[in-house]
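A quick write-up on the structure given underneath.
Letters go in sequence order (proteins before strands), and every chain restarts at 1. In what follows, every heavy atom counts, from backbone to side chain, and hydrogens, waters and symmetry copies are set aside.
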Number of protein chains: 2
Amino acid sequence: MVRLSDVAARAGVSMGSASRVVNGHPGVRPEIRERVRTAARELGYRPDPLAQGLRARRSRLVTLVVPDITNPFFAELARELELDCAARGYQLVLRNSMESPATEYDALLSALDHRPSGIVVVPTAGTTALPATGDVPLVVCDRRLPGGAAPTVVSDNRQGASAATAYLMGLGHRRIACLAGPPGVHAADERLAGYLALTGGTPEGHGPVVRGPFDYATGQRAARELLDLDRPPTAILAGSDQQAIGVLHACLNRGLRVPDDISVCGFDAIALSALTSPALTTVRQPVRRIAARAMEFLLGPRPPDPAGFPAPAGADDCAGAGDSVGARDSAGARGSTGARDSTGAADSAGASDSAGARDSTVAGSSTRAADPSAPHSDVRNAPAPHPAEPDADLPHPAAPVLVSLPTELVVRASCAPPPEGTRTP
Amino acid sequence: MVRLSDVAARAGVSMGSASRVVNGHPGVRPEIRERVRTAARELGYRPDPLAQGLRARRSRLVTLVVPDITNPFFAELARELELDCAARGYQLVLRNSMESPATEYDALLSALDHRPSGIVVVPTAGTTALPATGDVPLVVCDRRLPGGAAPTVVSDNRQGASAATAYLMGLGHRRIACLAGPPGVHAADERLAGYLALTGGTPEGHGPVVRGPFDYATGQRAARELLDLDRPPTAILAGSDQQAIGVLHACLNRGLRVPDDISVCGFDAIALSALTSPALTTVRQPVRRIAARAMEFLLGPRPPDPAGFPAPAGADDCAGAGDSVGARDSAGARGSTGARDSTGAADSAGASDSAGARDSTVAGSSTRAADPSAPHSDVRNAPAPHPAEPDADLPHPAAPVLVSLPTELVVRASCAPPPEGTRTP
DNA sequence: CTGAAAGCGCTAACAA
DNA sequence: TTGTTAGCGCTTTCAG
């Protein structure tokens, strides 16, 4: 193993200088800089993250806690987060809470032991509070905590469900059932709310509502239940694609044709949803952007790729252009104040949201300065971040950020107008 | 943050003693032991894994590199590995190679920087060699590397495919198509071999063979292709459940009934396979045991759960009792020699295999002593592992272990006898 | 602008 | 049996 001292020796300089060069600190004579770089290259020097971590009291780890990685939506989220981490030189630690608040809590605690650079958590249904993270930034994804106690990135579930409902109603459906996720899970509640918002005011009132876990089996069970009703619905709005696929199969098993006899709509737009038959009409969650936003929150804006690959165009979720948020956009208000890194983000409450963040690092917008030690960022022009304004030292003045990303209705083949004779009862 | 020195101070002992107690080293006066424990508890002491890692030149991390966590099979594998890690006090680092050998290589390199306790890798199709891991144990899972250059845990893909083929043939099928995974992926090749072994000798010869990625889309595409043949097959044996589901949908879309018109068989038994309609007949890979075996190889036998939960009965893959291996079982031959931890395992070549490993830690069977620093294992009776026999110092004398776990045919509803008139051409 | 030195928190020798 | 001490590899004052 080659240590920094080896590099320093070979370059004929002190460890201090070697370290400064390797970390791209300014104020090193170009000649020295060059010698160190050469030595490092020749020796194949790789800094030891453990030692760096011990010193910096921070490891280059980002911990993700999900209920169950086996859920395709979480798998996609994990993948995006991991890819983002990798691009930044971080590693993603994966933990499954198995929907158990206690397990989740333990996972968080032991994650904290490793002093990660950040934590992303998709809380269980039963989670009421998270352990104190000290100075480790944490962001809640996909679901929301009661009280919004932590910075959160979600998609606009209510809007998504409303869009789907509206679409179904536009098709002529009047008896739309809603299969919603488990009570207490914010995403589930929101989707239900989005559905109720449109159907509740209807002359017929809203259709039957069933709730249960976001899984396949629940979809099957619920569909059977719904189909056994006196006047079965002509459309079922599911709370997840997994549920929807369960519903689909249950309907098919009953000999119903989808969408001719009954329409089914999912939520999430997982990869599989495009490949069922019929392909599932569903609501796309912008997983990529959720992941990007979460990472951005934890680690600051993603540095431009060193090698200079001009961002592989073709992200699949660039549909909705601007993010929709229930708060003012305060992108500019941050950078210049050099907000300190603490669990809460920048300053006042509300969501900060710079649209099109993925395109590239927004020019003037400086970072959250969460972790100023970019890996090998020899290149970086790091202008020695100004120490934070004193006011940033307040004990996390309850400034929970909430970013709510717009979803997108993906119209495929599983929905159609209701069969004749069911339009009006 | 509370350090060991704090604990020591409070207990009125030296750091050395405190350390010894915390790490369960023998030879500490009970009274001291008690005082330290109390102090630690009262202070809520948690050792700093970074510092431990720096010292021990080993972090409590296990890195998993998979092609794509979005693949349900890998997600299941990841979950099992993670759960196992968690139970041992380790953390699982997740990396996606995206089927790119270069990405995989980088992932491995940066993983190595963190000095993980072990590495599990599911190699890409293009992987020919892995970087040297130094003294970090590495195990290949699910797929095999050409040349079997590394210790490997796989399921017996050939046997599984043969079982499925035999089943189909027994049903009366004579024109069985095989949709196999990508060439170069060992699991794919093996499954194909298992199929050919039975159909090749048949009077009709084997049916059409198509190859492609293990994904849904490939299933659809291939099915269409197969169905367009002059004499389409009466059964399709897919290389994965994802493919099979694609096949299923393609068939359904063509108006074919499954299994009445055509039979479809999958491979893997992912959760979803039970929930399609018809439910998929498939070959179960013992994911749990694969994961358990891999972890066991890396970290040694899993210590009995401290709290004493008597192992939540009901593992879903306890079907085949003994593992089938192409080598002698040398379980006893290991422990007593106190094999050193190096990339290669115990001693001579061949697979070592102690059946029923999950039941509990086999009594007398001592560990590989890979990482003698069990977490807080105050309890452990660690008999100061004898220094390895000198012969263990040989430069990894090409002793690749290969464990091949039996699969199990899961008969569900997607296969039936061929339609009348197709039995004999 | 560069070098020397002090630790980060912990464990393992080595002494006592 | 217990205490003392020397680092693990790195970054960062602090002098020069």
Side-chain angles (χ1 to χ4, degrees), chain A residues 1-9 11-36 40 43 45-60 112-115 135 371-378 382 384-385 387, chain B residues 1-9 11-36 40 43 45-60 112-115 135 371-378 382 384-385 387:
Chain A
M1 135 140 275
V2 25
R3 294 155 314 223
L4 186 56
S5 60
D6 300 324
V7 175
V13 300
S14 72
M15 280 187 61
S17 295
S19 174
R20 284 185 281 260
V21 171
V22 165
N23 293 290
H25 288 191
V28 180
R29 193 150 32 101
E31 186 216 326
I32 299 247
R33 179 179 299 281
E34 206 37 62
R35 269 194 300 171
V36 172
L43 260 29
Y45 171 70
R46 316 206 80 192
D48 180 334
L50 259 59
Q52 290 182 312
L54 179 57
R55 205 41 264 254
R57 347 193 80 260
R58 185 108 310 164
S59 70
R60 299 192 149 287
L112 251 8
D113 286 341
H114 287 257
R115 304 180 163 289
D135 61 349
D371 188 350
S373 57
H376 312 210
S377 59
D378 214 343
Chain B
M1 133 139 278
V2 25
R3 294 156 314 227
L4 186 56
S5 59
D6 299 325
V7 175
V13 301
S14 74
M15 279 187 62
S17 295
S19 174
R20 283 185 282 259
V21 171
V22 165
N23 293 290
H25 288 194
V28 180
R29 192 148 35 102
E31 186 217 324
I32 298 249
R33 179 180 298 282
E34 206 37 62
R35 268 194 300 169
V36 171
L43 259 29
Y45 170 70
R46 317 205 79 191
D48 180 334
L50 259 58
Q52 291 181 310
L54 179 56
R55 189 75 242 267
R57 349 192 80 259
R58 185 109 312 166
S59 69
R60 299 191 150 288
L112 251 8
D113 286 341
H114 286 257
R115 304 179 162 289
D135 61 349
D371 189 350
S373 57
H376 312 211
S377 58
D378 215 341

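- Ranked by how close their nearest DNA chain C nucleotide is to the 5' end, Val28(A) and Arg3(B) are led by Val28(A).
- The NE2-C1' distance, from His114(B) to dC8(D), rounds to 17 Å in whole Å.
- For Ala11(A), the side chain to side chain contact (heavy atoms under 4.5 Å, CB included) test picks out Val13(A), Arg35(A), Val36(A), Ala39(A), with sequence neighbours left out.
- Whole-Å rounding puts the Leu50(A) CG to dG9(D) P distance at 11 Å.
- Going from atom CZ of Arg58(B) over to atom P of dG9(D) covers 13 Å, rounded to whole Å.
- Spacing between atom OH of Tyr45(B) and atom P of dG9(C) amounts to 10 Å, rounded to whole angstrom units.
- Of the inter-residue distances, the one linking Asp48(A) atom CG with Met1(A) atom CE reads 5.0 Å to the nearest 0.5 angstrom.
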Which atom pairs link the protein and nucleotides 3-7 of chain D when you take only N or O atoms and keep those under 3.5 Å?
from: dG3(D); atom 1: OP2; to: Ser14(B); atom 2: N; distance (Å): 2.9
from: dG3(D); atom 1: OP2; to: Ser14(B); atom 2: OG; distance (Å): 3.1
from: dG3(D); atom 1: OP2; to: Ser17(B); atom 2: OG; distance (Å): 2.9
from: dG3(D); atom 1: N7; to: Arg20(B); atom 2: NH2; distance (Å): 2.9
from: dG3(D); atom 1: O6; to: Arg20(B); atom 2: NH1; distance (Å): 3.3
from: dG7(D); atom 1: N2; to: Arg55(B); atom 2: NE; distance (Å): 2.9

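- Among the nucleotides dG9(D), dC8(C), dT12(D), the one closest to any side-chain atom of Arg57(A) is dC8(C).
- Atom CG in Leu4(B) sits 9.5 Å away from atom CD in Gln52(B) (nearest 0.5 Å).
- For the pair Gln52(B) CD and dC8(C) P, the interatomic distance rounds to 17 Å; values are reported in whole Å.
- In terms of the side chain to side chain contact (heavy atoms under 4.5 Å, CB included) criterion, residue partners of Ser14(B) (sequence neighbours excluded) are, by chain and number, Ser17(B).
- With rounding to the nearest 0.5 angstrom, the CD atom of Glu34(A) is 13.0 Å from the CZ atom of Arg29(A).
- The side chain of His25(A) lies closest to dT12(D), out of dC10(D), dG9(D), dT12(D).
- Taking atom CZ of Arg35(A) as the reference point, atom P of dC1(C) lies 15 Å away to the nearest angstrom.
- Nearest heavy atoms, Leu50(A) versus Gly53(B): CD2-C, 3.3 Å.
- Of the side-chain N and O atoms in Arg29(B), one or more sit less than 4.0 angstrom from OP1 or OP2 of dT2(D).
- The distance from atom CZ of Arg60(A) to atom CZ of Arg115(A), rounded to the nearest 0.5 Å, is 15.5 Å.
- In this structure, Asp113(B) places its CG atom 14 Å from C1' of dC10(D), rounding to the nearest Å.
- Between Asp48(B) atom CG and dC8(D) atom P there is a gap of 18 Å when expressed in whole angstrom units.
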